[in-house]
Colleague: 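Following this message is one structure expressed as structure tokens.
Computed from a predicted structure; not experimentally measured. Whatever order the structure lists them in is the order used to number ligands and atoms, beginning at 1.
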Amino acid sequence: MTNDVRTLEWTGDGLCLLDQTLLPGRVEYVVARDVATLVDAIRRLVVRGAPALGVAGAFGVAVAVRQAAREGWDEAARDAAIAEVREARPTAVNLAAGVDRVLPFVAKGADAVVDEAQALLDEDVRGNRAIGAFGADWILRRVGDRPLRVLTHCNAGALATAGWGTALGVIRNLHERGRVELVYADETRPLLQGARLTAWELAQAGIPCAVQADGAAPSTILRGLVDVAVIGADRIAANGDTANKIGSVGVALACAAAGIPLVVAAPWSTVDPALPDGAGIPIEERAAEEVLAWGGARTAPEGVDAFNPAFDVTPARLVTALVTETGVLEVSAGETPGRARA
Ligand code: MRU
């Protein structure tokens, strides 16, 4: 994270998480020293964003191994606790991948798990720097080498990763080169990751930003006010179909209609090569209260139901470019992640 605020950090006896539910008003931390606290934090979005969930999952295994030793659990109880962390949220493949990455170290003990989780954290920050540079290079070549108007959705920044960010990593890189005129940050209903988190990060970095309602985004794009949209991803199928925060599809459709690029910025750990296309991506459905109420006060009439999918799937044909830590794939032109890795 920037300005001395860390998204997540191992403290020696637990995982310290910046509580993103309280931002931007309060900077407070939750320290997870047991599995129940960590799983609750993941479900409540104290920690969120696909790469950050991957790192949290990896450290979560260390939390489980330490708790098992402390409380005298047998292997079955320890493994069940690890599975609970792995399944705390379904859509971002990084969570399960982060857990799986450190499993071979469990037999060596908690310190070995922590070392591997820390390696994942460090790789994530390095990878995001590379994503930022590849993405900015591609955009300046493709769109024009001038200050640009960029739209982003949800939060794919330092808060959603171990640092720097994916989509916001691209925007940060463009800003360092003096190539950002304005960032339109979609507010991102229902939990306002754009208004609360992306705007907070951009303001801290001194990047000009305007928060807009999600419903404004397609119109802003069609009116010619946006040069490029850059978003993150939670899971990408082999053909390039991309799951990201609900509302991303509207942005993608508008980009296609307006003839501007939709750039997806994500590490290879977000690609799920086991899925041929997006139809198999599990879409998390969250609590009705998230859309029927705000700040604890009911906003919809009593007795009304809600439909609250947290993610949508943008078809590969609408994804102009996928920027990873190894370079750029022009997905809608046929350069799919599955083919690139075949
Ligand atoms: O529900 P969230 O806040 O975890 O959703 C996060 C997103 O959709 C992000 O855009 C995505 O994980 C990419 S983060 C680099």
Side-chain angles (χ1 to χ4, degrees), residues 1 7-8 17-21 23 41-57 88-98 121 123-125 127-132 135 151-172 185-201 214 217 229-236 242-252 262-272 281-287 290-291 308-314 319 322-325:
M1 191 53 213
T7 304
L8 71 181
L17 303 165
L18 174 60
D19 188 344
Q20 300 191 30
T21 67
L23 290 173
I42 291 172
R43 292 201 180 123
R44 287 195 301 113
L45 275 52
V46 167
V47 60
R48 32 106 0 237
L53 288 171
V55 176
R89 293 187 75 194
T91 301
V93 70
N94 306 60
L95 177 58
L121 184 153
E123 276 169 32
D124 185 61
V125 180
N128 292 337
R129 291 276 178 175
I131 287 171
L151 182 144
T152 192
H153 190 77
C154 193
N155 172 266
L159 291 166
T161 62
W164 194 245
T166 55
L168 282 201
V170 174
I171 291 169
R172 286 178 193 277
D186 291 355
E187 65 172 350
T188 316
R189 287 278 301 152
L191 297 179
L192 305 186
Q193 289 93 330
R196 295 187 303 106
L197 308 178
T198 297
W200 187 72
E201 285 197 42
D214 294 354
V230 188
I231 63 172
D234 291 86
R235 192 185 294 237
I236 301 171
T242 295
N244 191 50
K245 177 55 55 187
I246 191 77
S248 299
V249 165
V251 170
L262 173 75
V263 176
V264 172
W268 275 102
S269 54
T270 301
V271 175
D272 185 350
I281 297 177
I283 300 296
E284 177 183 9
E285 281 188 31
R286 294 184 59 83
E290 289 183 354
V291 287
N308 187 16
F311 300 95
D312 57 28
V313 178
T314 296
V319 176
L322 167 61
V323 186
T324 74
E325 64 273 40

Colleague: Which ligand 1 atoms does Pro51 reach within 4.0 Å, using its non-hydrogen atoms?
Modeller: 14 (S), 15 (C)
Colleague: Identify which one of Leu159, Thr188, Leu45 satisfies the side-chain contact (heavy atoms from CB on, under 4.5 Å) criterion when paired with Leu197.
Modeller: Leu159
Colleague: With a cut-off of 4.0 Å, which atoms of ligand 1 are near a heavy atom of Gln193?
Modeller: 1 (O), 2 (P), 3 (O)
Colleague: To the nearest 0.5 angstrom, please state how far the OG1 atom of Thr91 sits from the CG atom of Asp234.
Modeller: 6.5 Å
Colleague: For the residue pair Arg48 / Asn155, report whether a side-chain donor-acceptor contact shorter than 3.5 Å exists.
Modeller: yes
Colleague: At less than 4.0 angstrom from any non-hydrogen atom of Ala50, what atoms of ligand 1 do you find?
Modeller: 12 (O), 14 (S)
Colleague: For atom 12 (O) of ligand 1, what is the closest protein heavy atom, and at what distance to 0.1 Å?
Modeller: Asp234 OD2, 2.7 Å
Colleague: Could you check whether any heavy atom of Ala92 sits closer than 4.0 Å to an atom of ligand 1, since that is the contact criterion I want to use?
Modeller: no
Colleague: Would you mind listing which atoms of ligand 1 come within a distance below 4.0 Å of any non-hydrogen atom of Asn155?
Modeller: 9 (C), 10 (O), 14 (S)
Colleague: If you count the atoms of ligand 1 from 1 in the order shown, which ones are under 4.0 Å from a heavy atom of Lys245?
Modeller: 1 (O), 2 (P), 5 (O), 8 (O)
Colleague: Calculate, to the nearest 0.5 Å, the distance between atoms CZ and CZ belonging to Arg286 and Arg43 respectively.
Modeller: 10.0 Å
Colleague: Could you grab the distance from atom CD1 of Ile231 to atom NE2 of His153, nearest 0.5 Å is fine?
Modeller: 8.0 Å
Colleague: For ligand 1, note which part of Ala156 has a heavy atom under 4.0 Å away: side chain, backbone, both or neither.
Modeller: both
Colleague: Which ligand 1 atoms, with their elements, are less than 4.0 angstrom from a heavy-atom of Ala160?
Modeller: 14 (S), 15 (C)
Colleague: Which protein non-hydrogen atom lies closest to atom 9 (C) of ligand 1, naming both residue and atom, and how far is it?
Modeller: Asn244 OD1, 3.5 Å
Colleague: Considering the heavy atoms of Arg89, write down every atom of ligand 1 situated less than 4.0 Å from one of them.
Modeller: 1 (O), 2 (P), 4 (O)
Colleague: If you measure from CG on Leu192 to OG1 on Thr21, what distance do you get to the nearest 0.5 Å?
Modeller: 12.5 Å
Colleague: How long is the straight-line distance from CZ of Arg235 back to CD1 of Ile283, given to the nearest 0.5 Å?
Modeller: 9.0 Å
Colleague: Give me the nearest non-hydrogen protein atom to atom 15 (C) of ligand 1 as residue plus atom name, then the distance to 0.1 Å.
Modeller: Thr166 OG1, 3.1 Å
Colleague: Out of all atoms in ligand 1, which are within 4.0 Å of some heavy atom of Phe311? Include the element for each.
Modeller: 1 (O), 5 (O), 8 (O)
Colleague: With heavy-atom distances below 4.5 Å as the criterion, would you say the side chains of Ile42 and Val47 are in contact?
Modeller: yes
Colleague: Kindly compute the distance separating OG1 (Thr7) from CH2 (Trp164), expressed to the nearest 0.5 Å.
Modeller: 13.5 Å
Colleague: If I apply the N/O under 3.5 Å rule, does Arg48 come out as touching ligand 1?
Modeller: yes
